[in-house]
Structure formats: C-alpha cells, structure tokens
> 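Here you go, one structure.
What you are looking at is a predicted structure, and each value in this text was computed from that prediction instead of being measured. Reckoned from all heavy atoms, side chains included, excluding hydrogens, waters and symmetry mates.
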Amino acid sequence: MVSLLGDPQRSAPRDAVRAALVLPGLFAFGRYVVGNQSFATFTVFGGFALLIMSDFGGTRRERARSYLLATTAGAVLVAVGTVVARSAVAVPLVMFAVALVTTFLAAVVGGHVGTARLGLLLSFVLTVTLPPAAGQIPVRVAGWVFAGVVATVAGLLLLPRAGPVALTRAAAEACRAVADLVAVVARDPGDPELSRFRDVAATAVGTARERYADTASRAVGSRRRLHAYAELLGDLHLLVSVVRHPLYRPYHLARRSTGTEGEMVEAVSGALRAGAATLEGAAGEPDVAGLDRRRRAHQRALERWVRKLLDRSAPAEQVLAALAVDHTLRVLAYLSTSVAVNASAATGRRAGIGSGRSPTALDDQPARHRRLRWLASSAAPNSTALRDSLRAAVGLALSVWLAARLGLPHAFWVVLGTLQVLRTNALGTARSVARAIAGNVVGVLGGSALVIAAGGRPGPLWAVLPVAVFLSAYTANSQRFLLSQAAFTLDLMIIFNLLAPVGWRLGLIRLADVGVGVAVSVVLSLVLWPYGARRQFVRSVAAYHRAAVDQLRRAFDQVLAVDAGGRPSAPPAGPRIRAELALADYLSERPTGPLDVTSAVALLTGANYLVMAASLMRDAVRLSGYRADACRDLVEPVRSAQQALLGGLARSADRLTDGRTPSFRPTVPDLGAPVWTCLRRWRGDEAVAGSAMALAVAAEWLRGIDQVGDDLAGPVDRAVVAAGRPWWR
C-alpha cells in the first residue's frame, strides 16, 4: 500500500492516525460544547488545513514555529476575508492578491512556506465564500486559532514525524557509494570490479534524487535544509561524473608522485563518509577545514615535485601527468567539501568552513542578500514561479467571482475545485480534471449511500467520520489524486450533513460546483501558458548556460592574463535560480516526452559544472596567484582553443532558445606544447612557476569543458525537440 500511494517516507499512516484522532474531536467540541456553527466550521476546516494539508516536518522547534506562524497567518486571512466578503468587487481583487503572494512565496521560498500554501488559501477561500457576517470575525478567528493550537500540540506530541528517513538514508548511501568509488579508482585502476563500483555509485545517486523528488517539502523542514539536500545531490552527481570520466585520467591517482595523493584521496573519501554519518545523526561535524589544509599541502607538494621533475629533465608526459593528478584532486576536494557542508546544513548544523569555496553553501554574501537576490530573480517576467503564481491567482479570483455571479450555494467548493486541479500545463490540468471528476463521483456515491443508510441520524455519521478522515489524510499527499478526491468528498458530505442535514442531494450540489471550478481551470490552462514548464525550462537553462559561459570567459581571461576589456559579466545567480525553479516545475509535471528526467537534470548539471570550473579558475588566481603573465607569448594557442570551445557552447545555448541554430562542436587541439614550453622556462626562473601552473590549469579545464560539451549534445537535441512539440503531446 505504501508503494501504491507513493509514500517513501512511510509517514502517511502516522499522519492519518493523528488526523483521525484529532479532527473528529475538534469538530465535536465546536458543534456540541461551544454550540456555534461558525466556530465548528472553522475549527474542523482549520484542522484539515493544519493537520492534513499543512502537516509540517523538520525538527521539533521548526515544526512548532511553523504551526504557530501558519495559525497566525490563517487567523489574519480569516479576519480579512470576513471583512472583504461584504464587497462583491473587493472579494476577487483580494483573492487575486492573496493567491499571488502565497503561491509565489511557496514556490521561491519552499520548505514550510510551501507546505502551508494550501492550508492558508483554504482559510481565505472558506471565509470569502461564506455569507458576509462582520460580527462573526471573533468567533471565526477563535475557531481557527483553537484548531491551530490543538494541531500544534498534536503535531509535536502525538505521533510526531520521524523526519525524512528514506531521503536521509538514500543520501547517506549515495555519499558512501561515491566515497567507495573514489577509493577504488585511486587504489587500483585495473580492478575488474571498478565498473561495478561505478554503476553502484551512479544508481545510488539516482535513487537519492528520486527520493528527493518524492519527498514532500514538509518532511524535510526549512527552505535552507531543502536547498541543502538539492545541492548535496547535485554535488554527488558531479563527483560521479568527475571520477568515472576518462578525461580526468583517474588512473593517475594511483601514482604517489608527491607522496600526498594518497592522503588527499583519503581526505576526500573521509569527507564523503563523514557527510553520510552526519546525515544519519552522528555526533560531530565533517572536518571541512582539515580537508582544505590537506588540499593546500598537496598543492605545495605538487609544485615542489614538478620543479624536481624539471630539474631532472623528466619527459614532458610525466610532468603533465603529475599536473593532471592535481587537477582531478582539486575538483574532488572542492565537491566533497560542498557535500560535507551541505550534509551539515541538511541536518540543521553548520560545518566548520575553511578557505575553500562551494558553489552555493559557502556563499560569501550575507543571508539577507541571498534571500533578496532569490526573490528578485524569481520575480523576473520569464520565471516559472511568477507565471504559476499568476495562473493560480487569476484562477481563484475568477472562480470566486463566477460563484458569486451564479449564486451557487457552496461557492467554497467551486474555488476549491479550481485550486485542486489547476496544474502548470494544459495537459496536466486535463488529466487532473478527469481524475478529480472520477474521484468526486466515487466520493459522492459512497457518501450518498452512507447518508441514506444513516436515515437522518447523526450517530452513524459520527461513527464513520474518523474512518473517512483517516482515508483523506492517508491519501492527501499520495500520487493517487483520484483516491484523494474521493476521500475528501466523502469527508465533506459527512461534515456538512452533520452541520446542516441536507441528505444525498448534497452530492449533486458538490458535483455541480466542482464542475464549475474545473471548467475554470481548463480554460485558464489553455489561455495562460499551456505549455507549462517545458518550454520555459529549456529557455531558462539556456540563459543559465549563457551566464556560465560568460563567467568562464572572464575566468580564462584572468588565468591567461588577458585584458579582454568590456564590462564585467553579471554573476549567474539569477539565471541559475530561475533554471532551478523551472526544473522543479518541469519534474513535477512527470515528463514522458523526449526530454526525460535524466536529460533535463543533465542540462542543469552541465551548467553547474561550467560555473564550478569558472569558480575554481578564479580561486587559482586569487588564492594561488596562477596567472600566465610570464608566458604571454604562449597564451595564443590556449586562448584560441578557449574561444572556439566557448563559442560552441554559446551556440548550443542559442539552439536551446530558437531551435534553429545548428550545433557546432570544435575540436580542442593538444595543448601540451605551450604548457611544456612554459614549464621549461620555470626550470631557469622561479618567477615563472605561477604562469606555468596557470597554463596547465587552463589546458586541463579546456579538456574537461570539451568533454562536457560532448555529453550535453544529446540532452540539448532532446530539449529542442521537446520545446517544439505542441502542448497536447
């Protein structure tokens, strides 16, 4: 049953039992103890909003804070909704504003804000669709707050969540599998079992990604922790690519040229294993600073070793091979540092940070600046977060207005129907509409049979209510939308017949109201961005690739000591944020076309790799002083290869945007000659050391980026095909 309902966290039974124990008691207290229908209504639906729709995860402190904040925000929305409900003009306008802000913040902030979205919208929708009653503000707010307090206590003490167990276990196993792969490659590159270790690592990382996609954000906790998991899995994916890729010549790791390679490999594997232990709750934190110290010690040892080889007149192949070892280990150390830091962040800790840098976890900017940058980037006109928010806001506002104009008795159901079936693309909306209608028919038939059997007596309905609540909570976050709709409809028929007995005819009203709501969703999905996230993801990732290529150009200019002129390029933070949001939306659509999940992730990972390369090259200049000033006459072959390669990557980005630009993959020549010439100058002049290392670093990265370009050719072609398909395919 767990696999059927898509519940990898095994949390559905716990959530369902808690809701079944608490919600009927809340409703009974409001109905019979307080004896006020408004209080009972807002108490029971407040329980639905905060225990089923917005059940929070994370640490106990995070859960308590989120429950209380959601209770407070919902109380404010109940009060505001009661006031504006008296104006037919104000209701749709305020509904638009509330839906826009709530949906936008849920998309860009995520975490518990995203978890609370449906519950908060429910509080406002319920309020503005009930008959206007300004004098009801205190009793309505009291009902909501009472439900919030009880939900907070129940969420903390009654069968509390155990955390994202399946995700944590999968991420820890992926860390260990990658650590094993690194160790085996370094120990014995000829090991016949090497291919098995590669497959195990790739499978483990893929499984962890699937667990992350299947895990509701509420099970993880705050946005910071959710983002840390995303970064960690992205870094592990890059690690597998780096270790298993022939370009990086991992077999050279077995050579102990400087005597420090083994220690570096141990440090990298140790950081990954420490990250796994941290995820599983072990005491202490990964020694990030220690890994950084070993990386620096290896770099100094490498420079001494290369100088010794030059003094011995060693062959060029041996010297260049030694430099290739450093390149590989530098990348592995960088990524394993990021994994360790993100593992600590995912568990709510902070790792000790040395002078190494990480793509995002070690961001130098203050947290408030990062949040403002994230919000600003997400509010760009081409952001899927903004488009999804506008679609939802227009849909709910139109549903509220239409329900009022038609004078429907349960306008609440009209708006809720729109909210439940509206998806990010027209095809997804059509599918959800079919399932919603089928689920509501099943629920109405079951509810009608129950009401008829009860014969107007409340006893049988009260007896069945806990079972109905259990089913509704159990299916609420499953991947079986039809079952969820059927269970929720059964709940509604029981609750409304206990509030004001109507009988089985309530089911017909329910079907009519839901039909109006889903019709609004269908129309909007056809009018407002029917392609959903597919095209926008392709365009967003193209913009991210362009930004990454610009960063690479600037980084190569610094390493090669070339003054290219012009204004500095903007950092890729904004394009990356929009690409990540678009990817999340695209994956939520469960794509089945030519742009499969693996190819979509590869497009984003490829851009992340380019940004990582630019960052490491800048660090080589900033931290190590690697600039080719003393070998400017040898720079031209390297620079020509760089310009051709980055030009090809830019054309790939253009191809993603317009679908017509022909692909172009330049051939990167062997750059050993200029690098070797500069290295020989080092033999006679110690001041040339930094220049020689700079040329070696540039040549290594060009080979790496060239291979990444080859790897991206297939995903780019599939993305172009997917973007050109009509919305109904």
Side-chain angles (χ1 to χ4, degrees), residues 170-187 197-198 200-202 204-205 208-209 228-245 248 250 252-253 260-280 282 284-299 302 324-347 349-363 605 608-609 611-613 615-616 619-620 623 700 704:
E173 289 175 356
C175 287
R176 290 197 179 92
V178 175
D180 291 341
L181 176 60
V182 171
V184 169
V185 169
R187 182 179 65 246
F197 279 94
R198 288 174 175 168
V200 168
V205 174
R209 281 184 173 275
Y229 271 110
E231 287 294 323
L232 182 145
L233 296 176
D235 293 333
L236 288 175
H237 184 86
L238 281 175
L239 270 164
V240 172
S241 301
V242 169
V243 173
R244 70 184 297 182
H245 210 296
Y248 292 95
H252 287 303
L253 293 178
T260 60
E261 285 83 1
E263 294 179 0
M264 274 292 292
V265 171
E266 278 184 24
V268 169
S269 297
L272 294 171
R273 297 186 196 282
T278 299
L279 288 170
E280 292 175 338
E285 296 174 351
D287 185 12
V288 176
L291 175 58
D292 187 61
R293 286 193 299 271
R294 291 198 178 189
R295 182 187 64 81
R296 290 179 172 278
H298 168 70
Q299 182 177 333
L302 178 74
V325 174
D326 176 65
H327 179 82
T328 304
L329 291 177
R330 185 166 56 249
V331 175
L332 295 179
Y334 180 90
L335 290 171
S336 60
T337 297
S338 181
V339 168
V341 171
N342 280 311
S344 292
T347 55
R349 311 182 198 176
R350 288 187 178 274
I353 298 173
S355 56
R357 297 177 62 84
S358 163
T360 57
L362 308 186
D363 199 331
T605 302
N608 288 343
Y609 179 94
V611 172
M612 178 190 70
S615 178
L616 279 173
D619 281 354
L623 301 177
E700 283 294 329

> I need the minimum non-hydrogen distance between Tyr334 and Leu616, along with the two atoms involved.
CD1-CD2, 3.3 Å
> Report yes if the side chains of His237 and Val178 come closer than 4.5 Å at any heavy-atom pair, otherwise no.
no
> Taking all atoms of both residues into account, what is the closest heavy-atom pair of Thr278 and Pro286, and its distance?
OG1-CD, 3.3 Å
> Shortest non-hydrogen contact from Ala172 to Ala276?
O-CB, 3.5 Å
> Measure the CZ-CG distance between Arg176 and Leu279 for me, rounded to the nearest 0.5 Å.
9.0 Å
> Quick check for you: to the nearest 0.5 Å, what is the distance between Met264 atom CE and Ser336 atom OG?
7.5 Å
> Quick one: closest heavy-atom pair of Leu291 and Ala333, and the distance?
CD2-O, 3.8 Å
> Can any side-chain N or O of Ser615 pair as donor or acceptor with the backbone N or O of Val611 at less than 3.5 Å?
no
> Kindly compute the distance separating CD (Glu280) from CD (Glu173), expressed to the nearest 0.5 Å.
8.0 Å
> Holding to salt bridge (charged side-chain N to carboxylate O under 4.0 Å, His left out), I want the full list of residues that pass it with Arg294, two or more places apart in sequence or in another chain.
none
> side-chain contact (heavy atoms from CB on, under 4.5 Å) with Ala204: which residues, sequence neighbours excluded?
Ala174, Ala177
> Determine whether a donor-acceptor pair (N or O, by modelled atom type, separation under 3.5 Å) exists between the side chain of Thr347 and the backbone of Ala343.
yes
> Does the side chain of Asp292 reach to within under 4.5 Å of the side chain of Thr337, using non-hydrogen atoms?
no
> Taking all non-hydrogen atoms of both residues into account, name the closest pair between Ala271 and Ala340 and its distance.
O-CB, 4.2 Å
> Using every non-hydrogen atom in the two residues, find where Ala228 and Ala346 come nearest and quote the distance to one decimal.
CB-N, 3.6 Å
> What residues form a side-chain contact (heavy atoms from CB on, under 4.5 Å) with Ala230, not counting sequence neighbours?
Tyr212
> When rounded to the nearest 0.5 angstrom, what is the spacing between CZ in Arg296 and CZ in Arg293?
11.5 Å
> Knowing that exactly one of Leu239, Leu238, Val268, Leu233 qualifies, which makes a side-chain contact (heavy atoms from CB on, under 4.5 Å) with Val339?
Leu239
> Quick one: does Asp180's side chain get under 4.5 Å of Val200's, heavy atoms only?
no
> Just so I know, are the side chains of Leu236 and Leu272 near enough to count as touching, which here means a heavy-atom distance under 4.5 Å?
yes
